[in-house]
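Contents: one structure, followed by commentary.
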Amino acid sequence: IEIFKTNVNDPESASAIIKRLEATFPSYLFNFDLQDCDRILRVESITGQVNTKGLIAMVKEEKVNIEILE
């Protein structure tokens with residue numbers, strides 16, 4: 001599981017980002033917590049490690065700030 005801090009504010013944007021990520025990373029499970037102050041994106045890989053670099057690059061293409069939450 002990886003947890004990312006984002007600046008996603010609305011459910012529509014979150015849903016669109018998740019749909020795009022699911023199409024590219026079908027073995028990952030995604031969910032946003034927009035109520036959290038860091039508007040976190042949780043990513044769980046059901047096959048092993050999360051490709052954080054690829055995932056971050058894809059989300060940034062949507063003009064979204066994203067970083068790994070330590």
Side-chain angles (χ1 to χ4, degrees):
I1 296 176
E2 290 287 347
I3 300 176
F4 300 89
K5 177 180 178 176
T6 74
N7 66 338
V8 174
N9 290 314
D10 61 279
E12 294 81 17
S13 295
S15 179
I17 290 168
I18 286 175
K19 283 181 182 165
R20 182 161 183 228
L21 290 171
E22 286 174 338
T24 304
F25 302 103
S27 64
Y28 294 1
L29 302 173
F30 302 96
N31 81 313
F32 272 99
D33 182 353
L34 301 181
Q35 303 303 315
D36 188 276
C37 64
D38 290 323
R39 293 175 181 77
I40 60 173
L41 169 62
R42 286 187 192 87
V43 181
E44 182 178 356
S45 172
I46 49 182
T47 60
Q49 287 199 322
V50 173
N51 175 357
T52 55
K53 288 183 181 177
L55 191 138
I56 288 171
M58 181 173 284
V59 173
K60 284 185 175 182
E61 288 175 6
E62 300 293 325
K63 308 291 188 254
V64 170
N65 295 332
I66 181 170
E67 61 187 72
I68 295 175
L69 194 62
E70 300 295 336

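The residues of the chain are indexed from 1 along the displayed sequence.
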Qualifying residues under ring-ring contact (aromatic ring centres under 6.0 Å, His included), relative to F25, sequence neighbours excluded: Y28
Hydrophobic cluster membership, I3 vs F30, 4.5 Å side-chain cutoff: no
Minimum-distance pair of heavy atoms, taken over all atoms of A14 and V8: N-CG1, 3.8 Å
Set of side chain to side chain donor-acceptor pair (under 3.5 Å) partners for N9, sequence neighbours left out: R39
T6 OG1 to I56 CD1 distance, which is reported to the nearest 0.5 Å: 11.5 Å
Residues in salt bridge (Lys or Arg N to Asp or Glu O under 4.0 Å) contact with E61, at least two apart in sequence or another chain: R20
Test log, rule side chain to side chain contact (heavy atoms under 4.5 Å, CB included), inputs F4 and V59: CA-CA 11 Å; F4 300 89; V59 173; over 6 Å; no
I46 to S27 - nearest heavy-atom pair and separation: CG1-O, 2.8 Å
Interatomic distance, N7 atom CG to K5 atom NZ [nearest 0.5 angstrom]: 10.0 Å
Verify same cluster id: I68, F32 (apolar side-chain graph, 4.5 Å): yes
Test item: L41 and L55 side chains (from C-beta on) under 4.5 Å apart, heavy atoms: yes
Closest non-hydrogen atom pair, L34 against P11: CD1-N, 3.6 Å
Residues in side chain to side chain contact (heavy atoms under 4.5 Å, CB included) contact with N31, at least two apart in sequence or another chain: R42
Pairs involving residues 51-60, ordered by first then second residue, that meet side chain to side chain donor-acceptor pair (under 3.5 Å) (sequence neighbours left out): none
Residues which pass side chain to side chain contact (heavy atoms under 4.5 Å, CB included) with S15, listed by chain and number, not counting sequence neighbours: K19
Pairing residues for E44 by the side chain to side chain contact (heavy atoms under 4.5 Å, CB included) criterion, not counting sequence neighbours: I1, L29
Residue list, side chain to side chain contact (heavy atoms under 4.5 Å, CB included) with D36, at least two apart or on another chain: D33, D38, I40
